[in-house]
Amino acid sequence: MATKTETKRKNAGKNKAARDGDGNGNRRGANNGNLIAEKSVEAAITTSIDDAVDEKPQATAAAAAQAIEEVATASVNADGEMICQLETSLTRDQMLELYRYLKLTRLVEERLVNLYRQTKVVGGVFRSLGQEATAVGTAYALQQGDFIAPLIRDLGAVLVKGIRARDIFAQYMAKAWGPSGGRDLNIHFGDMTKGFIGPISHLGDMIPVMTGIALGARMQGKNLVAVAYIGDGGMSTGAFHEGLNFAAVQRLPLIIIAEHNWYAYSTPTSKQTAVKNLADKAAGYGIPGHIVDGNDVVACYETMKRVVEFARGGGGAAIIEAKTYRRKGHAEHDDQRYLPAGELEEWERKDPLDRFERHLISQKAATREEMDKIVADVEREIDEDVAWAESSPMPEPKQAAYNVFDNTIVPPALRPPVLGGE
Amino acid sequence: MATKTETKRKNAGKNKAARDGDGNGNRRGANNGNLIAEKSVEAAITTSIDDAVDEKPQATAAAAAQAIEEVATASVNADGEMICQLETSLTRDQMLELYRYLKLTRLVEERLVNLYRQTKVVGGVFRSLGQEATAVGTAYALQQGDFIAPLIRDLGAVLVKGIRARDIFAQYMAKAWGPSGGRDLNIHFGDMTKGFIGPISHLGDMIPVMTGIALGARMQGKNLVAVAYIGDGGMSTGAFHEGLNFAAVQRLPLIIIAEHNWYAYSTPTSKQTAVKNLADKAAGYGIPGHIVDGNDVVACYETMKRVVEFARGGGGAAIIEAKTYRRKGHAEHDDQRYLPAGELEEWERKDPLDRFERHLISQKAATREEMDKIVADVEREIDEDVAWAESSPMPEPKQAAYNVFDNTIVPPALRPPVLGGE
Amino acid sequence: MSTETKKEKMAERPARGGRATFVEALRQGIWEEMERDPSVFIIGEDVGLYGGAFKVTDGLIDEFGEGRCVDTPISEAAIVGAACGAALMGMRPVAEFQFIDFISPGFDMLVNYAAKCRYRWGAGLPTVFRGPCGAGVHAGPFHSVNAESFFANTAGLKIVEPSTAYDAKGLIKAAIRDPDPVLYFEHKKLYRLPRLREEIPEDDYVVEIGKARVAREGRDLSIITFGAQVLNALDAAEELDREGVSVEVIDLRTIAPMDKSAIISSVKKTSKVLILHEASRTGGIGGEIAATIAEEAFEWLDAPVVRVAAIDTPVPYSPPLEEYHLPQIKDVVNAGRKLAAY
Amino acid sequence: MSTETKKEKMAERPARGGRATFVEALRQGIWEEMERDPSVFIIGEDVGLYGGAFKVTDGLIDEFGEGRCVDTPISEAAIVGAACGAALMGMRPVAEFQFIDFISPGFDMLVNYAAKCRYRWGAGLPTVFRGPCGAGVHAGPFHSVNAESFFANTAGLKIVEPSTAYDAKGLIKAAIRDPDPVLYFEHKKLYRLPRLREEIPEDDYVVEIGKARVAREGRDLSIITFGAQVLNALDAAEELDREGVSVEVIDLRTIAPMDKSAIISSVKKTSKVLILHEASRTGGIGGEIAATIAEEAFEWLDAPVVRVAAIDTPVPYSPPLEEYHLPQIKDVVNAGRKLAAY
Ligand SMILES: Cc1ncc(C[n+]2csc(CCOP(=O)(O)OP(=O)(O)O)c2C)c(N)n1
Ligand SMILES: Cc1ncc(C[n+]2csc(CCOP(=O)(O)OP(=O)(O)O)c2C)c(N)n1
Ligand SMILES: [Mg+2]
Ligand SMILES: [Mg+2]
């Protein structure tokens, strides 16, 4: 029987083949059943949108990386290491704040993993390791009155929107003081005053909801922007399509952040869609699509800022695709057996936090000491917040019965007595 | 109070405004709530797919017509009247057969309207008047083993696939001899041996089903093509998106015929989608999109033929948009109050049958006498078929209870006796 | 089929009260709520200029403009989701499904988003989801469904279905003012039924959600029903009355949360129960009613609880098949007779 | 959480019979059917290389290849529709929903396409739709649903839910061979429950759809239940036995079409019934069971028909809330005690 390592390699190879196909880069479906020879399309009589039938062979190695290199404004520091986009309107203070949010996001998640290992987290832990720049950079370009519907992997956006880490800890630990009082998990809650609408698990469903936020706001004369985060996987859902299409028709200021992190659970993006870039999907809605290096927090911020202006100015909906990578498994339990060898290591080198640190240093925006101080502050905050969350009681059992409906109208759903008695 | 004519004009004007917007052709959402000034998109940092923000003003008159003029290979006869595409591989006999199917389609529908007025049709009658060339031309390019899932307005395709008019009559009249034995209406039935899978009412739902037909066939080593017809309206559904996306990923030979007939019930296409052409949606699936003049039966056939070859040869899914026009209301009861003045008359002049007749004459492919003979044959066939259908009994009431499941396993769902008795 | 006259009339503001059909009453209700509260708006397919497939929203666009009469693409999930989003912002959407059969593509959004929002994080969603339901007009398997059982097991959704013009108006107003999602089902046979034309009050009344009504008083047996079947129940009651059986008819009006005390009171009075609904028998809402009675009024029962409903098949198109499929007055009379004799 | 050892073991062909957990038995069943019939294939999210979120389909791809283990995009409507299309072609798809909660976006396709196809034009769809259901593992409102009531009112769908390893295998085989759509629900608590590990036969057996089983014989009262609640019922029965109450436990196994005669026989024997299910009480399948009993076994009843079920709320995440929400053994014992004393 194969050893563990061999198995992993074997699987990895298989998966790689499925993803890279027969030399067509990420333009590949599965070759189930009869493999039919590929043929190029004959020119359509009139308009032929055959961009998809892109026959040029690509090197199979690190196709993901290549795609990003194509789009990134890849600046480098003196040592030739990648830093962030140089042109920016961000002030030094803002840069430091961005740094703080990035660190906060990562350290909150790391703490959650610790708590999970101590079995203090009741449900699963979903990491955004390697993707933090996308969530933080895009959310940072918003105003207070704007609304976001993040994904589970957008903790950074939630924090930028002003939700406190203690709420997150209490929520993960299913505590009474958590924002949903223990009724729902992780970032599944919301705060209308902060412009945060937590997702539900059903992928895609938040897109129509955010269309409604934008629609309702317009009726009320509010000029806000609604932002929905979605994965390469979630974009395959019908709800995504219906919600975005409706927003596009209504020219509503709905911005889709399409997080291209290469996997949906175990499924590679090539099995979610035949497009090369998620931003290509914008064409199907008659809206603009943009691609940004999702590991470059400055680029994420700047792109988002421009698109927010466009949307707020009446331009309507838009898609921003952030190219990034999910370095952890789907959740803590996932062994990532489906990863091709070497892929993870490559993306470790592209870590968005390391990159931003190098950027800050090389741009003389911050010293190592300043950064250390920020980290120390964040760590203190987290300690306090965890302590607070741990000190919360678990909810009272009977609370389960309350507030399905407005309880001034319908009484709580208490367990009914048996045979009239009890 | 306004007279009838005035009301219609008033409504028409309002609707026209909604459709044409403020000079942006068919790129218009509704201006609900605050109308925000339109702004052109600033160039995205990297890739900007901003085709949609097409600012060039278009004359509001007959925008629909213009769009087609753009794409049609608009040949004209000696009198300067539009005929069909000239280049074709169709033989004279095939042309005559096409003519026969076009006439058959139209005359069957006209007879259905008569039967409806005599209250012999139980449900509604849905016309394809003005669209017959799309259904007939595309279906004619298929082989026996290929599968279609038509829409209610694709009777022509159903007939081309070999379903007899008598089945249609019996079905509309809810007769026992109809192919569903009176259980379902109009073209809601199927015939696997003929490659015909009738739709259900729920728009979009046939797309995943046809993806499954193609998937199953591939597993069985069958090299067939699956064709799904869908309207400008139906493309807004989640099921459409999920089904087509899956087919595209799997590179399955699924051809979508997108019937751009300008309305979904009363809703103009500009309120269904912000794209200019339905074929633009292909880009979102990484598949080729084609546009064809849906009123030109030769063009429909030739485009389809090419795309069928592409799909059958392993190229995968594709969209063909047929630009046409629904000249009748959604169903017989619809008063079309939402039509802009003059639009209908314009499209009457573009009638696909008249056009093909002119084509046949000008190309010396048929004489008037030959055509008259075909029509006479068709009329005789229809008379016979109606007579047959009328001679069918209505179904036996108890038949309602049979065949929910395979009745060798689960007994029929007969009305249960009350209190054990009966 | 709409006539020319009707079309022109529709563009006018409806009367306030007066003699009204079911659909006129319903339209009055929506109209008045939109006048009263600027956060109320309508959304759905063809609800604007066209006024909806059954003309329930006819003319609203002339009065309230496109901004409050939103025609959507064909996308029921988006309709539900957008209604929820707008409701979060404080709006009060009234969403239409062209036929209730098309609520299915919106099922996920209703059951998972709309129903659970308040419970999960306190965000109540004052939303109404309405549309024509029901069979008996030869509309076939996809335009005839009765959908209440799809939703009855999901906490967080209220379900109402009126059977009179008075209730149609009173319940739509209550639904629009309700702080939580309400599914409002309209049996399409009732819309223009002359029999239902009645004088409704001019003043602003609501019919409380969660309250059944006694549609006919009786002593010997209770028929528990709702929607269009109330008419069948009343007709059957009439016939049974001629045979000396006195029938009480309970029109639930609200299916969830159900008015248990009205049901139990009637059972205590008559001791015999016939449950009548138009959806298929198995898995239908009749099960819930029967279970409530079997649990909470067992001691008062003098006979088995009988259900009369459609047979367990899709709704067939052809009239003789559909007739066999649906519960008929004669089936109710027959069952009532046997029950009375039990 | 999968361990390294498990992962490697999973890649091997499962044993034929032998001591097996619920999930192993289920996997054996699918594997054997795929061996037996080349038209059987699996389709769903992450069912291939990853082997499914709960590893039910683990290793199948190694044996049967990508051609018969189809990983789909996240699109449940497409999964259902594609399964139906393939079935029309004569294939036998076994479709997985990653959690049964995600059947909702496929609801329309199931209820309107899959359920009605044979009835409308004779095209039977031999399809299986399966996935993990149920609560009790603190998975919150969107990973805990029991979905049987969503579908119970739609004719044309069979619904099964096993509670033992033996039945898991026998029913999946029956479902795959069935000529019509079968919804196969797997309570996720049972997958790896050591208590359910049992010796299952080596030979090719099926468990007939539509047949309940007597999980425990008794005289004084019947508990009608299915799925994971069978275990609660058995534990409660044990406790009640110590108090001198002899409890019969009926494990329905099939929810639709329901084995009425098994239910009625048990009621005739014990004259007292407790219905137990994990979904919320109102609108739950318990209503159908109670109605059947109230109608067809009324004369044999010596007490009200009692339902024990979850309260009418979404499934909350936090353990104390979830515990309050779900029916507990103590609730069953308490109800059984009262019923016995009635
Ligand atoms: C409608 C639906 N189907 C299935 C799932 C189960 N599921 C949870 S996360 C996930 C993968 C999501 O991938 P992606 O959208 O790319 O987001 P990522 O995890 O990469 O951020 C799946 C399949 C779900 N949540 N919703
Ligand atoms: C999912 C769904 N929602 C609503 C309807 C009601 N409906 C029937 S036809 C129609 C308009 C269809 O327009 P389109 O797709 O453009 O096709 P056309 O009638 O123009 O051929 C609508 C809204 C439906 N059949 N299915
Ligand atoms: Mg992803
Ligand atoms: Mg159309």
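Residue numbers begin at 1 in each chain, while the letters A, B, ... track the order of the sequences. Here the structure is a predicted model, which means the values were calculated and not measured.
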Enquirer: Any chance you could measure S201(B), atom OG, to F102(C), atom CZ, to the nearest 0.5 Å?
Expert: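 The OG atom of S201(B) sits 5.0 Å away from the CZ atom of F102(C).
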Enquirer: Do K271(B) and E45(C) sit within salt-bridge range, that is, some charged N less than 4.0 Å from a carboxylate O?
Expert: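 Answer for the salt bridge query: no.
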Enquirer: Checking Y324(C) side chain against R415(B) main chain: does a donor-acceptor pair fall under 3.5 Å?
Expert: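 Between the backbone of R415(B) and the side chain of Y324(C) there is a qualifying donor-acceptor contact (under 3.5 Å).
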Enquirer: Do D46(C) and S266(B) get their side chains close enough for a donor-acceptor pair, meaning under 3.5 Å?
Expert: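 Indeed, the side chains of D46(C) and S266(B) share at least one donor-acceptor pair under 3.5 Å.
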Enquirer: Keeping the roles fixed (side chain from R337(B), backbone from L49(C)), state whether a donor-acceptor pair exists under 3.5 Å.
Expert: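 Yes, because the side chain of R337(B) sits within donor-acceptor range (under 3.5 Å) of the backbone of L49(C).
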Enquirer: Please state whether the side chain, the backbone, both or neither of L203(B) comes within less than 4.5 Å of a heavy atom of chain C.
Expert: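 For L203(B), side-chain heavy atoms alone lie under 4.5 Å from chain C.
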Enquirer: If you measure from OG1 on T237(B) to CD on E76(C), what distance do you get to the nearest 0.5 Å?
Expert: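 Result: 8.5 Å between the selected atoms.
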Enquirer: So do the side chains of D312(C) and F405(B) get within less than 4.5 Å of each other, counting heavy atoms only?
Expert: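 No, every pair of side-chain atoms sits at 4.5 Å or beyond.
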Enquirer: How many angstroms lie between OG in S318(C) and CD in E396(B), if you round to the nearest 0.5 Å?
Expert: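 So the OG of S318(C) and the CD of E396(B) are separated by 11.0 Å.
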Enquirer: Given a strict heavy-atom distance threshold of 4.5 Å, which part of Y342(C) is in contact with chain B: side chain, backbone, both, or neither?
Expert: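 Side chain of Y342(C) only, per the 4.5 Å heavy-atom cut-off to chain B.
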Enquirer: Under 4.5 Å heavy-atom distance to chain B, tell me which part of A303(C) shows up: side chain, backbone, both or neither.
Expert: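 Neither; nothing under 4.5 Å.
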Enquirer: What part of H330(B) gets within 4.5 angstrom of chain C, counting heavy atoms only: side chain, backbone, both, or neither?
Expert: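 The answer is neither part of H330(B).
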Enquirer: Could you check which of V308(C), T72(C), D331(C) has the highest count of heavy-atom pairs closer than 4.5 Å to chain B?
Expert: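 Between V308(C), T72(C), D331(C), the count favours D331(C).
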Enquirer: So, do D184(B) and F142(C) sit near enough that their side-chain heavy atoms are less than 4.5 Å apart?
Expert: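 Touching, per the 4.5 Å side-chain cut-off.
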Enquirer: Pick whichever of S104(C), P320(C), P316(C) has the most heavy-atom pairs under 4.5 Å with chain B.
Expert: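 The option with the most such pairs is P320(C).
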Enquirer: Could you tell me which non-hydrogen atom of P314(C) sits nearest to which non-hydrogen atom of V404(B), and how far apart they are?
Expert: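 Where P314(C) meets V404(B) most closely, the heavy atoms are CD-CG2, 4.2 Å.
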Enquirer: What's the spacing between D71(C) CG and T267(B) OG1 if we round to 0.5 Å?
Expert: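 So the gap between those two atoms works out to 5.0 Å.
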Enquirer: Can you tell me how far apart CG (L419(B)) and CZ (R337(C)) are? Round to the nearest 0.5 Å.
Expert: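 Here the rounded value is 13.0 Å.
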Enquirer: Tell me which of these, E323(C), R307(C), H143(C), has more heavy-atom pairs under 4.5 Å with chain B than the rest.
Expert: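 When all of E323(C), R307(C), H143(C) are compared, H143(C) has the most.
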Enquirer: Are any of the side-chain heavy atoms of R183(B) and Y317(C) separated by less than 4.5 Å?
Expert: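 Answer no - side chains too far apart.
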Enquirer: Going through the checks in order, is the side chain to side chain contact (heavy atoms under 4.5 Å, CB included) test met by I74(C) and F240(B)?
Expert: CA-CA 11 Å; I74(C) 303 177; F240(B) 166 81; over 6 Å; no
Enquirer: Using non-hydrogen atoms and a 4.5 Å limit, figure out which bit of A139(C) sits close to chain B: side chain, backbone, both or neither.
Expert: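 Just its backbone gets close to chain B.
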Enquirer: Between V122(B) and chain C, which part of the residue has a heavy atom less than 4.5 Å away: side chain, backbone, both or neither?
Expert: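 Answer is both: backbone and side chain atoms of V122(B) are under 4.5 Å from chain C.
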